[in-house]
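First comes the structure, then the notes that go with it.
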Protein chains: 2
Amino acid sequence: MKQSTSTQDYLKHIYELTECGLPASTNDMARKLNIKPASVTGMIQKLATEKPALVEYQKHQGVTLTPAGRRAALEVIRHHRLLETWLVQTLGYSWDEVHEEAERLEHVISEDFERRIAAALGNPARDPHGELIPTADLKMPEDDSTPLSALRPNQTATIQRVIAQDPNLLRHLESLGLTPGIQIEIMEYSPFDNNLTVKVGRKVNVLGLNITTKIFVEIK
Amino acid sequence: MKQSTSTQDYLKHIYELTECGLPASTNDMARKLNIKPASVTGMIQKLATEKPALVEYQKHQGVTLTPAGRRAALEVIRHHRLLETWLVQTLGYSWDEVHEEAERLEHVISEDFERRIAAALGNPARDPHGELIPTADLKMPEDDSTPLSALRPNQTATIQRVIAQDPNLLRHLESLGLTPGIQIEIMEYSPFDNNLTVKVGRKVNVLGLNITTKIFVEIK
DNA sequence: CGTAAAATTTAGGTAAGGCTAAATATATTT
DNA sequence: AAATATATTTAGCCTTACCTAAATTTTACG
């Protein structure tokens with residue numbers, strides 16, 4: 001029942017790649033996991049033939065999670081997000097420093113440890129990036145946020161989550177004041193390059209698609 | 001420079017087995033690591049031929065640490081003991097619950113994490129069992145304690161450390177009040193079975209060698 | 001529709017770190 | 001000192017999870 005670190009990483013990444021509803025491709029997996037596509041094929045074939053199958057796999061058709069695989073993925077994601085929250089809150093990590101550390105810890109903490117930090121943090125709903133934390137019974141809460149890239153002038157919104165692990169990007173966003181909970185207002189939209197001019201506090205910034213697709217907001 | 005979990009475990013156990021000054025035998029290692037003696041031989045041969053050799057090894061003569069191996073071992077031991085301290089102090093673990101969790105975490109935390117918990121704890125000198133924590137520059141502090149088994153009637157002492165990981169033993173000791181910092185007084189000594197009658201607070205207990213060799217004290 | 005490009009899979013190999021069984025050293029006993 | 005017992009090592013094998021190179025799909029396009 002307890003998977004290897006490697007298996008847990010595969011399941012977590014399949015979960016993330018299939019959130020859009022489509023199967024995860026071998027190539028995308030390889031890129032995300034930083035290993036060769038041939039290795040992905042091999043591993044996925046193994047995961048598909050485990051006793052309770054963890055993934056659904058048809059040659060050349062990509063891979064999806066079975067219910068058992070999804071539970072295992074959510075367990076790891078819960079560990080990761082609780083750990084990030086806890087590193088920030090109790091050890092003073094900043095939001096750009098936590099990912100790497102949580103990436104290693106997530107595979108080795110016990111269920112007891114998980115319960116203890118969840119309780120110590122007051123069972124938080126979101127991690128420092130605003131990502132939703134799967135519940136203790138491994139359900140992923142509904143997310144009703146919209147990508148910032150979909151907003152248009154005169155709309156007002158609150159930043160809910162930021163999808164990024166790259167420390168440089170995170171530090172950049174923080175320097176712009178673009179962090180969860182912050183209010184923003186759309187000033188302009190440029191249809192050719194999809195740039196949005198956004199007011200944050202009293203500052204105004206022009207943001208490209210690269211940024212606006214990674215910030216999710218709740219429209220006022 | 002960064003070793004595998006397995007290598008770190010070998011080095012840690014060699015450190016512990018050679019604290020008495022003698023090389024660690026293949027059999028003792030196998031028993032401590034819970035693997036077969038043949039596997040130990042193989043692994044030790046590998047450790048002896050690493051680029052900076054981690055162990056000194058002569059066939060049939062047991063194994064000792066090189067300076068590089070000792071540093072690596074102390075690093076892991078520092079992680080372990082800081083983690084135990086921190087699990088107890090910040091997450092409410094009891095001293096019999098921490099060992100297993102620290103055993104897994106010690107291999108994956110970063111140097112940054114180590115520094116942060118050390119600072120948060122105020123650079124503690126000892127872990128919850130009273131064991132000395134190697135310093136940040138990887139020196140093991142001198143220990144001047146005496147095994148309780150060496151005391152005789154009318155001597156008074158303070159418990160300094162308890163060498164045990166078994167949760168049942170630890171819970172038993174706690175129920176007897178035998179924890180670090182506690183004052184004790186020797187009432188009687190039985191030369192045939194080496195039992196000591198010890199006064200702890202207002203309670204008196206008769207302790208066998210199995211216990212008295214695992215408790216180290218500072219004589220008043 | 002056929003071909004080139006891109007994606008995927010197969011086949012065979014490697015490094016870690018375990019295991020068992022058999023061989024060899026060392027230690028103990030008589 | 002021989003004989004047995006115990007400890008250790010060697011040899012050969014297994015699993016996990018990766019890799020490269022070659023074969024095969026699938027997709028995309030002229």
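A, B, ... follow the sequence lines: proteins, then strands. Residue 1 opens every chain. Computed from a predicted structure; not experimentally measured. No hydrogens, no waters, no symmetry mates; every other heavy atom, side chains included, goes into these values.
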Could you tell me whether the side chains of [X] and [Y] share a donor-acceptor contact shorter than 3.5 Å?
{"X": "Ser190(B)", "Y": "Asp193(B)", "result": "yes"}
{"X": "Asp9(B)", "Y": "His107(B)", "result": "yes"}
{"X": "Thr179(B)", "Y": "Glu174(B)", "result": "no"}
{"X": "Tyr189(B)", "Y": "Asn194(B)", "result": "yes"}
{"X": "Glu97(A)", "Y": "Ser94(A)", "result": "yes"}
{"X": "Asn27(A)", "Y": "Ser25(A)", "result": "no"}
{"X": "Glu106(B)", "Y": "His79(B)", "result": "no"}

Who are the side chain to side chain contact (heavy atoms under 4.5 Å, CB included) partners of Asp143(A), not counting sequence neighbours?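 Side chain to side chain contact (heavy atoms under 4.5 Å, CB included) list for Asp143(A), sorted by chain: Arg126(A), Leu132(A), Ser145(A), Gln160(A), Arg161(A).
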
Could you list all the ring pair (Phe, Tyr, Trp, His ring centres under 6.0 Å) pairs where at least one residue sits in residues 43-74 of chain A, not counting sequence neighbours?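 For residues 43-74 of chain A, and leaving out neighbouring residues, there are no ring pair (Phe, Tyr, Trp, His ring centres under 6.0 Å) pairs at all.
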
Which pairs, with at least one residue in residues 8-42 of chain A and sequence neighbours excluded, count as a ring pair (Phe, Tyr, Trp, His ring centres under 6.0 Å)?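 For residues 8-42 of chain A: none.
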
Whole angstroms only, please: what is the CD-P distance between Gln61(A) and dT8(C)?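 Those two atoms, CD and P, are 10 Å apart.
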
Ile35(B) CD1 to dG18(C) P: how many Å, rounded?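 Rounded to the whole Å, the gap is 5 Å.
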
Name the stems that DNA chain D belongs to, where each is three or more consecutive Watson-Crick or G-U pairs with both distances under 3.5 Å?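 Stems (3+ consecutive pairs) listed as C:1-30 with D:1-30.
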
Identify, with sequence neighbours excluded, every residue that meets ring pair (Phe, Tyr, Trp, His ring centres under 6.0 Å) alongside His129(B).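 Partners of His129(B) by the ring pair (Phe, Tyr, Trp, His ring centres under 6.0 Å) criterion, ordered by chain and then number, come out as Trp95(B).
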
Could you list the residues that satisfy ring pair (Phe, Tyr, Trp, His ring centres under 6.0 Å) with Phe113(B), not counting sequence neighbours?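 Testing Phe113(B) for ring pair (Phe, Tyr, Trp, His ring centres under 6.0 Å), a comparison that skips the adjacent residues, returns Trp86(B).
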
Where each residue is assigned the nucleotide of DNA chain D containing its nearest heavy atom, which of Met43(A) and His60(A) is assigned the position nearer the 5′ end?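 It is Met43(A) whose nearest nucleotide is closer to the 5' end.
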
Do any pairs count as a salt bridge (charged side-chain N to carboxylate O under 4.0 Å, His left out) and have a residue in residues 22-35 of chain B, sequence neighbours left out, and if so which ones?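 Salt bridge (charged side-chain N to carboxylate O under 4.0 Å, His left out) check on residues 22-35 of chain B returns Glu16(B)-Lys32(B), Asp28(B)-Arg31(B).
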
If we only count heavy atoms from C-beta on, is the Thr212(A) to Leu196(A) side-chain gap below 4.5 Å?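 Side chain of Thr212(A) against side chain of Leu196(A), heavy atoms only: contact under 4.5 Å found.
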
Listed by chain and number, what are the side chain to side chain donor-acceptor pair (under 3.5 Å) partners of Ser4(B), not counting sequence neighbours?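 Only Thr7(B) meet the side chain to side chain donor-acceptor pair (under 3.5 Å) criterion with Ser4(B).
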
What are the residues of residues 100-110 of chain B, sorted by number, that bring a heavy atom to within less than 4.0 Å of DNA chain D?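 None, since no heavy atom is under 4.0 Å.
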
Please list residues of residues 4-33 of chain A whose heavy atoms come under 4.0 Å from any atom in DNA chain D, ordered by number; otherwise none.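 Under 4.0 Å from DNA chain D: Ser4(A), Ser6(A), Tyr10(A).
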
If the cut-off is 4.0 Å, is Lys46(B) near the phosphate of dG17(C), judged by side-chain N/O to OP1 or OP2?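 Answer is yes, contact under 4.0 Å.
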
For nucleotides 10-15 of chain C, which of its nitrogen or oxygen atoms have a protein nitrogen or oxygen under 3.5 Å away, and what is each distance?
unit_1  : atom_1 : unit_2   : atom_2 : d
dT10(C) : OP1    : Lys59(A) : NZ     : 2.7
dT10(C) : OP2    : Gln45(A) : NE2    : 2.5

Under 4.0 Å from a heavy atom of chain B: give me the 5'-most and 3'-most nucleotides of DNA chain D that qualify.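 Taking any atom under 4.0 Å from a heavy atom of chain B, the span is dA7(D) to dT10(D).
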
